[in-house]
Amino acid sequence: MTKTSQIKKNYQLIKFQKLVIVSILIGFLSAFLGVSLKRMTEYYEEIFFHQTTLSPVFIIVFPFFGLSIIYFLREYLFKKKENKGIKEIFESTNSKSKNLPNYKIPSHFINGLLTVIFGGSTGIEVSTVVASATIGSVAQRKQNVFKQYKTELICAGVAAGITALFSSPVAGILFAIEVISKKVTRAFLISNLIAVTIAFGLVFLLNEKPLFDVAITIWHLKSIPYFILLGILAGINSVYLTRCVLFFKSQFSKIQTHYFKILLGSAILSISLFAFPQLYGEGYHAIKTIFINSNEAIISLPLLLTFIGIILLKPIVTSATLASGGDGGVFAPSLFIGAFLGLLVALVLNKVFIANVIPVNFMVIGMAAVLSASIHAPFTAIFLVCGLTNDYTLFIPILAACLISKYTAKMIYPYTVYTFTPSIIK
């Protein structure tokens, strides 16, 4: 072996060792951030939501107060720098010069937390994704040897963050592939597999429980046509969610005074919460409630109108929250809409067509299908929802519904809130 080849071999070995070490660090920090944000959000959201049940005046106070704090933090602490969500990650991975600045970690962490606990009808998932992506970006900039691994290390942070939130390392890696990277390299596999392994190890050590405690025992072949119907309806609803978010952001951008945006956004949110308290925050508390009561639920006109109202209003209040300055994305709203849509479809089928379908199955499939269509990432949605419930019994019907919902959505409207840009002609 020549001296040159020996030096080259040593350099590659050192680079590999550094990649392993930095991937471990990214996995731990991203998972710690994700678990911390998740636990803090759950704790304080429960406290504040309970206050709204004791005194309805808080339904008016909380959204306005939360959006105002976020505005002042952006103005004075973060120097008027706006959060663009996952589009910031795209801008960074598609450019050699643009990077995710360090302030994105505290900015998204704090603003995501404040948005949800004060009633903003979105979730912490996108806040976690951008903050953990920034951890990967910062790590990449610390060593010149990692210049070529920018996308890989950003994806490692994203994958670890998703793993921490949903206890599913497969969903973490698939989200990084389907939504962020679109390609897989050897460095991607090494960094992401190590990061999600460390993240999942931390989740296991901290004894993080599945978000939803659901008992799924069986599904029937005769229900396949109904799963297809649910997939189509999920695709349509996801387009409605996407279009709502884009429309509200477009209209609110025309308002010059930011405080008018806050007043309008908080007014829409407060009025909606008065009508349907289930819309408060992430809405996971409402999903847990209907999971518990799904088998006993009987369709009636008031229940039918309630479900339709919730499904129609959720995209509007989510859009108003984001357009008026709240932090978050469409992950939690998609899961929320999917759960209520799935239960509504099951109850109508059982009442009108005597289909005898299992409502809880339709809720789980609906969650995955709407998420799949909203972010155009069916395999991420499958493993993410299976991770949320810690059950893979419904894997095949979820797979079918997710693929159908995604392609239904793409046929109607080919963009997601992540891929749409204002230059695209509507």
Side-chain angles (χ1 to χ4, degrees), residues 42 46 49 53 121 123 166 209-234 237-238 275-314 331-373 381-382 384-402 405:
E42 288 174 348
E46 184 178 348
F49 178 66
T53 61
S121 200
F166 299 107
K209 302 295 183 184
L211 186 58
F212 303 115
D213 184 16
V214 182
I216 301 170
T217 56
I218 194 171
W219 63 276
H220 302 288
L221 287 172
K222 66 177 183 179
S223 298
I224 289 178
Y226 304 134
F227 297 150
I228 294 171
L229 172 64
L230 180 57
I232 294 170
L233 293 174
N237 273 272
S238 75
F276 302 105
Q278 299 93 332
L279 298 172
Y280 191 99
E282 293 172 316
Y284 290 158
H285 52 90
I287 296 176
K288 290 176 182 178
T289 300
I290 62 172
F291 263 129
I292 294 170
N293 301 321
S294 61
N295 289 328
E296 287 77 35
I298 300 173
I299 197 69
S300 62
L301 183 59
L303 185 66
L304 180 66
L305 294 176
T306 298
F307 275 33
I308 292 174
I310 287 172
I311 292 169
L312 291 177
L313 269 180
K314 181 65 174 182
F331 261 81
S334 296
L335 296 173
F336 180 92
I337 293 167
F340 276 87
L341 175 66
L343 182 53
L344 176 61
V345 170
L347 294 179
V348 170
L349 286 173
N350 286 342
K351 178 70 175 179
V352 179
F353 299 100
I354 321 297
N356 293 321
V357 297
I358 304 170
V360 70
N361 289 2
F362 275 68
M363 287 180 62
V364 173
I365 295 168
M367 290 166 67
V370 175
L371 179 61
S372 167
I382 294 166
L384 188 147
V385 170
C386 288
L388 280 176
T389 57
N390 196 29
D391 194 304
Y392 286 80
T393 304
L394 296 173
F395 185 88
I396 293 176
I398 289 175
L399 172 63
C402 283
S405 67

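Sequence positions, counted from 1, serve as the residue numbers for this chain.
Annotation: the span from I311 atom CD1 to L341 atom CG amounts to 5.0 Å, rounded to 0.5 Å. A distance of 13.5 Å separates CE in M367 from OG in S372, rounded to the nearest 0.5 Å. How far CG of L312 is from CD1 of I337: 9.5 Å, rounded to the nearest 0.5 Å. How far CD1 of I398 is from OH of Y392: 9.5 Å, rounded to the nearest 0.5 Å. One distance of note links CG of L388 with CZ of F212; it measures 6.0 Å at 0.5 Å rounding.
Looking at every heavy atom in both residues, G123 comes nearest to P333 through N-CD, 4.5 Å. When every heavy atom of G338 is checked against every heavy atom of V370, the shortest pair comes out as CA-CG2, 3.5 Å. Closest approach of I382 to C402, counting heavy atoms only: CG1-SG, 3.9 Å. Nearest heavy-atom pair across N390 and P210 is CB-CG, 3.6 Å.
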Donor-acceptor pairs under 3.5 angstrom involving side-chain atoms of residues 220-234: please list them, not counting sequence neighbours.
none

Return a table of donor-acceptor pairs under 3.5 angstrom between the side chains of residues 342-366 and protein atoms on other chains or two or more places apart.
residue	atom	partner	partner atom	Å
N350	OD1	N356	N	2.9
N350	OD1	V357	N	2.8
N350	ND2	A346	O	3.4
N350	ND2	V357	O	3.1
N361	ND2	I218	O	2.9

N/O donor-acceptor pairs under 3.5 Å from side chains in residues 276-293, not counting sequence neighbours:
residue	atom	partner	partner atom	Å
Y280	OH	I117	O	2.7
Y284	OH	E125	OE2	2.6
H285	NE2	Y280	O	3.0
T289	OG1	H285	O	2.9
N293	ND2	T289	O	3.2

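Remark: the backbone N or O of A401 is paired with a side-chain donor or acceptor of S405 at under 3.5 angstrom.
Between L303 and I298, every side-chain heavy-atom pair lies at or beyond the 4.5 Å cut-off. Side chains of F331 and F166 form a contact here, defined as non-hydrogen atoms less than 4.5 Å apart.
No hydrogens or angles considered: a donor-acceptor pair under 3.5 Å links the side chains of D391 and T393.
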